[in-house]
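Remarks on the structure that follows.
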Amino acid sequence: MRSTAILEVQKLVVDYRQRVGWRFWKSRSIRAVNDVSLTLKRGEVLGIVGESGSGKSTLIKAIGHFVPATSGKIISDGKEVQALNDRQFFPYRRRLQIIPQNFSDALDPTMSVEAILREPLKIHFRLTAKETALRIGALLESVELDSSLLHRYPVQLSGGQRQRISIARGLAVSPEVLICDEMTSACDVLVQKRILSLLDNLRHKHNMAILWIAHNIAVVAHFCDTMIVMRHGRFLELGEPQAICQNPVHPYTRLLVDAVPHI
């Protein structure tokens with residue numbers, strides 16, 4: 001029977017080199033991710049929570065193959081990602097999409113909304129002009145935006161609209177895994193609620209897995225099926241969010257829970 005796991009990380013380690021003083025030839029190793037393992041299932045929302053500098057962003061960069069892993073394995077569809085050549089890696093890039101924390105800077109200010117959404121379709125698919133137009137319209141509809149925005153530029157959009165365009169661009173290639181890096185950290189409560197509701201509907205509609213990165217444990221507890229608490233590059237706790245919040249084992253988790261009045 002085929003495993004329901006869509007993404008597996010096994011004993012992953014990521015080290016950075018840091019220059020020591022003014023001597024450019026002298027450096028030391030900094031361990032950003034330390035022996036972490038996780039399994040993400042199809043349709044699951046897995047949340048990783050921790051303070052800034054805990055290694056969350058480095059972990060997802062390694063999963064996305066933007067930074068090299070020092071050791072360990074990243075397995076997708078039964079294949080080790082690090083062993084893939086450029087041609088084999090292309091489908092993996094399509095299966096996994098990242099929505100960055102600073103979504104405004106991730107949108108090219110010189111491109112219209114239509115051009116932003118057309119670009120990934122042009123790269124990954126061979127569609128006619130009519131098929132592309134229909135797909136772009138469907139993408140806008142999926143994130144609850146009107147087609148009147150097609151010829152606008154990012155500077156002409158509100159923050160919430162730019163965020164939805166970032167989500168639509170991530171969905172353009174029909175990913176199986178969507179990685180969201182602190183994407184609601186700068187939003188007010190109402191916008192945050194709308195974005196979470198939108199993503200929840202989309203993941204059920206497309207049976208898509210979501211890897212949610214956050215420093216707010218209350219959001220993770222509300223939105224995610226499984227929660228991981230991360231600090232200093234290590235996983236401290238893993239389990240059902242409400243169970244962890246009600247009975248935290250590690251003192252650091254207790255500090256995160258106590259910092260939020262109501263979870």
Side-chain angles (χ1 to χ4, degrees), residues 43 45 47 57 60-61 64 66 90-216 219-220 222-224:
V45 181
S57 293
I60 64 172
K61 287 176 182 177
F66 296 108
F90 193 69
Y92 175 74
R93 182 70 79 195
R94 186 172 65 223
R95 297 176 73 228
L96 184 146
Q97 291 290 303
I98 298 177
I99 300 177
Q101 178 178 1
N102 197 341
F103 51 85
S104 293
D105 288 348
L107 299 178
D108 190 330
T110 68
M111 296 173 69
S112 67
V113 169
E114 183 179 23
I116 288 170
L117 296 180
R118 186 194 305 119
E119 185 178 44
L121 297 175
K122 184 178 179 180
I123 292 171
H124 290 278
F125 304 108
R126 294 182 178 179
L127 302 176
T128 64
K130 184 177 181 180
E131 289 171 335
T132 299
L134 289 173
R135 187 70 174 265
I136 289 173
L139 285 169
L140 283 178
E141 185 179 351
S142 71
V143 294
E144 301 173 1
L145 290 177
D146 191 82
S147 59
S148 62
L149 300 178
L150 279 175
H151 301 295
R152 294 188 188 180
Y153 290 82
V155 71
Q156 299 173 304
L157 305 175
S158 68
Q161 288 172 330
R162 288 195 294 270
Q163 190 169 45
R164 287 170 185 257
I165 293 299
S166 293
I167 295 171
R169 184 177 62 180
L171 294 173
V173 295
S174 302
E176 298 176 20
V177 178
L178 195 65
I179 299 180
C180 304
D181 186 12
E182 300 277 10
M183 64 174 296
T184 60
S185 59
C187 300
D188 60 48
V189 176
L190 289 177
V191 173
Q192 186 180 87
K193 186 175 180 180
R194 293 192 192 103
I195 293 297
L196 292 176
S197 177
L198 172 64
L199 287 171
D200 194 48
N201 290 334
L202 289 171
R203 67 113 170 186
H204 281 106
K205 180 179 179 180
H206 301 290
N207 197 24
M208 178 177 62
I210 296 177
L211 186 57
W212 183 265
I213 309 299
H215 64 263
N216 188 333
V219 173
V220 175
H222 168 75
F223 181 57
C224 300

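Atoms considered below: every heavy atom in the structure, side chains included; atoms not considered: hydrogens, waters and symmetry mates. Small disclaimer: the values here were computed from a predicted structure and weren't measured.
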* Asked: Knowing that exactly one of Gln156, Arg162, Gln161 qualifies, which makes a side-chain contact (heavy atoms from CB on, under 4.5 Å) with Ser158?
  -> Gln161
* State, to 0.1 Å, how close Val220 and Ala214 come at their nearest heavy-atom pair, and which atoms those are. => CG2-CB, 3.8 Å
* What is the minimum heavy-atom distance between Val173 and Phe125, and which atoms define it? -> CA-CE1, 3.7 Å
* Asked: In chain order, what residues pass the side-chain hydrogen bond (donor to acceptor under 3.5 Å, both in side chains) check against Arg135, with sequence neighbours excluded?
  -> Ser174
* To do: Starting at CZ of Arg152, measure out to CG of Leu145 and round the result to the nearest 0.5 Å.
  => 10.5 Å
* Distance from Leu134 atom CG to Leu127 atom CG, nearest 0.5 Å? -> 10.0 Å
* Structure fact -> Shortest non-hydrogen pair, Phe90 vs Ile123, comes out as CZ-O, 3.7 Å
* Within a radius of less than 6.0 Å around CD of Glu131, do more than 12 heavy atoms belonging to other residues, nucleotides or ligands occur? -> yes
* To do: Without swapping roles, check the side chain of Gln97 against the backbone of Leu171 for a donor-acceptor pair under 3.5 Å.
  => no
* Asked: Nearest 0.5 Å, what's the CD-CZ distance between Glu176 and Arg94?
  -> 9.0 Å
* Asked: Among His124, Met111, Glu114, whose side-chain contact (heavy atoms from CB on, under 4.5 Å) with Glu119 holds?
  -> Met111
* Is any side-chain heavy atom of Tyr153 less than 4.5 Å from a side-chain heavy atom of Leu107? -> no
* Asked: How far does CG of Leu139 sit from OG of Ser147, to the nearest 0.5 angstrom?
  -> 13.0 Å
* Given side chains that start at C-beta, do those of Val143 and Ile165 come closer than 4.5 Å, heavy atoms only? -> no
* To do: Identify the two heavy atoms, one from Ser142 and one from Leu198, that lie closest to each other, and give their separation to 0.1 Å.
  => O-CD1, 3.3 Å
* Structure fact -> d(His222 NE2, Asn216 CG) to nearest 0.5 Å is 11.5 Å
* **Side-chain heavy-atom pair Arg164, Leu140 within 4.5 angstrom cut-off** => no
* Asked: Do the side chains of Ile99 and Ser166 get nearer than 4.5 Å, heavy atoms only?
  -> yes
* Asked: Between Ala106 and Pro100, what is the shortest heavy-atom contact and its length?
  -> CB-CG, 3.6 Å
* Heavy-atom closest pair, residues Trp212 and Leu199 -> CZ3-CD1, 3.5 Å
